[in-house]
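Inspection log for the structure reproduced underneath, given as structure tokens.
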Protein chains: 2
Amino acid sequence: MNQRSSGYVASAAVFQLLAHASRLHILDELRRRPACVCHLQAVLGRPQAYVSQQLRVLREAGVVVDEKDGLNVYYRIVDGYILRLLEETLGPAEPVQCVAGCPCPHCTGSTGCCS
Amino acid sequence: MNQRSSGYVASAAVFQLLAHASRLHILDELRRRPACVCHLQAVLGRPQAYVSQQLRVLREAGVVVDEKDGLNVYYRIVDGYILRLLEETLGPAEPVQCVAGCPCPHCTGSTGCCS
DNA sequence: ATACTATATGCAGTAAAGTGCATGTAGAGT
DNA sequence: ACTCTACATGCACTTTACTGCATATAGTAT
């Protein structure tokens with residue numbers, strides 16, 4: 001075991017987080033702007049519990065943090081290194097857009113993300 | 001399924017390849033210079049069959065290619081995108097070095113990698 | 001041909017991750 | 001206090017990946 005071995009294990013753990021289509025989708029959405037769970041649920045078209053579980057994985061890895069705002073919990077990316085990997089892999093983030101059928105404050109227009 | 005969904009699956013597959021300490025170690029070694037299996041075996045300190053299996057995964061994914069030279073089979077990275085991810089993650093490649101106990105032509109000095 | 005070296009492959013057991021569902025919690029409104 | 005909404009958690013099940021070992025192949029040399 002040379003001095004770089006632990007680095008391989010750590011790096012592999014980071015890649016493991018990204019080696020998952022749903023988590024990639026979540027992170028791609030979060031880099032556009034912080035989003036609540038119900039928004040991600042609408043974007044992914046997956047059950048809420050499923051989305052929460054993937055968010056937990058990302059949260060426990062320190063990649064995202066959650067912030068409560070009333071009933072909603074907003075998640076955002078706090079790891080700049082992850083952002084660079086996303087940019088390298090998926091290209092630049094797409095502009096913010098509303099999601100049809102999403103009940104969250106951002107998408108129902110009260111805070112106005114739709115032009 | 002939006003038009004980006006297939007991209008998430010494909011990207012996740014790439015990250016899956018890198019989400020493995022031994023494969024990262026192999027790729028980190030290969031970016032210094034192409035290497036034969038026995039060299040990687042010496043570097044990793046793992047059984048030959050194990051190294052070959054990880055190489056197969058990388059080969060079938062199109063990340064590395066193999067070239068026969070006599071009895072030896074040399075592998076090298078052919079995916080520039082992977083190289084960029086490695087650079088982003090592990091930093092710049094370290095200089096070429098000989099491995100004690102490695103029987104390959106490069107390390108036994110006949111082709112001279114050791115100064 | 002035989003034997004040796006370098007590498008590849010197949011298979012089985014084990015460990016880990018992914019998935020779905022039921023249920024728990026906590027804040028907001030009435 | 002009750003209820004509703006948004007979200008979290010725990011658990012069982014399934015699937016996938018990792019690992020080790022035995023064995024196969026292919027080139028080289030004698």
Side-chain angles (χ1 to χ4, degrees), chain A residues 8-9 12-26 29-30 34-61 64-76 99 101-108 110-111, chain B residues 8-9 12-26 30 34-61 64-76 99 101-108 110:
Chain A
Y8 296 132
V9 174
V14 173
F15 285 127
Q16 184 70 51
L17 288 176
L18 300 176
H20 191 286
S22 294
R23 287 198 293 268
L24 269 183
H25 199 163
I26 288 172
E29 191 66 27
L30 289 183
C36 60
V37 180
C38 75
H39 180 84
L40 297 170
Q41 185 181 345
V43 169
L44 294 194
R46 290 280 199 154
Q48 174 269 318
Y50 180 86
V51 175
S52 276
Q53 277 196 117
Q54 301 309 332
L55 284 169
R56 166 158 61 164
V57 173
L58 296 171
R59 177 168 22 93
E60 288 178 348
V64 302
V65 292
D66 56 324
E67 273 166 18
K68 298 202 174 183
D69 179 15
L71 273 180
N72 297 301
V73 177
Y74 286 87
Y75 280 87
R76 66 171 212 275
V99 175
C102 174
C104 85
H106 284 158
C107 290
T108 49
S110 60
T111 53
Chain B
Y8 296 132
V9 174
V14 173
F15 285 126
Q16 186 70 53
L17 287 175
L18 301 176
H20 191 285
S22 294
R23 286 197 293 268
L24 270 183
H25 199 163
I26 287 173
L30 289 183
C36 60
V37 180
C38 76
H39 179 83
L40 297 170
Q41 185 181 346
V43 168
L44 294 193
R46 291 279 200 155
Q48 174 270 320
Y50 180 85
V51 175
S52 276
Q53 279 197 114
Q54 302 308 333
L55 284 169
R56 166 158 60 164
V57 173
L58 296 172
R59 175 168 24 91
E60 288 178 349
V64 303
V65 292
D66 56 323
E67 273 165 18
K68 299 202 174 185
D69 179 16
L71 273 181
N72 299 301
V73 177
Y74 287 86
Y75 281 86
R76 66 170 211 277
V99 176
C102 173
C104 86
H106 285 160
C107 290
T108 48
S110 60

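As the structure is a computational prediction, the values presented were derived from the model and not from experiment.
- With values rounded to the nearest 0.5 angstrom, L40(B) atom CG is found 11.5 Å from Q54(B) atom CD.
- Following rounding to the nearest Å, F15(B) (CZ) and dA17(D) (P) show an atom-to-atom distance of 17 Å.
- One atom, OH of Y50(A), and another, C1' of dA22(C), lie 18 Å apart when rounded to the nearest Å.
- OP1 or OP2 of dT19(C) lies within a sub-4.0 Å distance of a side-chain N or O belonging to H20(A).
- By the side chain to side chain donor-acceptor pair (under 3.5 Å) test, E67(B) is found to be paired with R76(B), residues two or more places apart in sequence or in another chain being considered.
- With sequence neighbours excluded, the residues forming a side chain to side chain contact (heavy atoms under 4.5 Å, CB included) with R59(B) are R56(B), V64(B), D66(B), Y75(B), listed by chain and number.
- Put simply, CG on L58(B) is 12 Å from P on dA8(C), counting in whole angstrom units.
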Please write out the pairs of protein N or O atoms and N or O atoms of nucleotides 6-8 of chain D separated by less than 3.5 Å, giving the distance to one decimal.
residue : atom : partner : partner atom : Å
dA6(D)  : O3'  : N72(A)  : OD1          : 3.2
dC7(D)  : OP1  : V37(A)  : N            : 3.2
dC7(D)  : OP1  : V73(A)  : N            : 3.2
dC7(D)  : OP2  : C38(A)  : N            : 2.7
dA8(D)  : OP1  : Y75(A)  : OH           : 2.4
dA8(D)  : OP2  : S52(A)  : OG           : 2.7
dA8(D)  : N7   : Q48(A)  : NE2          : 2.8
dA8(D)  : N6   : Q48(A)  : OE1          : 3.4

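- Here dG27(D) presents its C1' atom at 8 Å from NZ of K68(B), a figure rounded to the nearest Å.
- In this entry the distance linking CG of D69(B) with C1' of dT7(C) reads 14 Å, nearest Å.
- Under the side chain to side chain donor-acceptor pair (under 3.5 Å) criterion, H20(A) pairs with no residue, sequence neighbours left out.
- With sequence neighbours excluded, no residue satisfies side chain to side chain donor-acceptor pair (under 3.5 Å) with Q16(A).
- Every residue meeting the side chain to side chain contact (heavy atoms under 4.5 Å, CB included) condition with A61(B), not counting sequence neighbours, appears here in chain and number order: L17(B), V63(B).
- Interatomic distance, CG of L18(B) versus CG of L18(A), reported as 10.0 Å (0.5 Å rounding).
- In this structure, G70(A) and A19(A) both approach DNA chain C, and ranking their closest nucleotides by distance from the 5' end singles out A19(A).
- Listed by first and then second residue, the side chain to side chain donor-acceptor pair (under 3.5 Å) pairs that reach into residues 40-49 of chain B are Q48(B)-S52(B), sequence neighbours excluded.
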Which protein N or O atoms sit under 3.5 Å from an N or O of nucleotides 11-13 of chain D?
none

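- A12(B) pairs by the side chain to side chain contact (heavy atoms under 4.5 Å, CB included) definition with L24(A), not counting sequence neighbours.
- Rounding to whole angstrom units, CD of residue Q16(B) and C1' of dT16(D) are separated by 9 Å.
- Between the CD1 atom of I26(B) and the P atom of dT19(D) there is a distance of 11 Å, rounded to whole Å.
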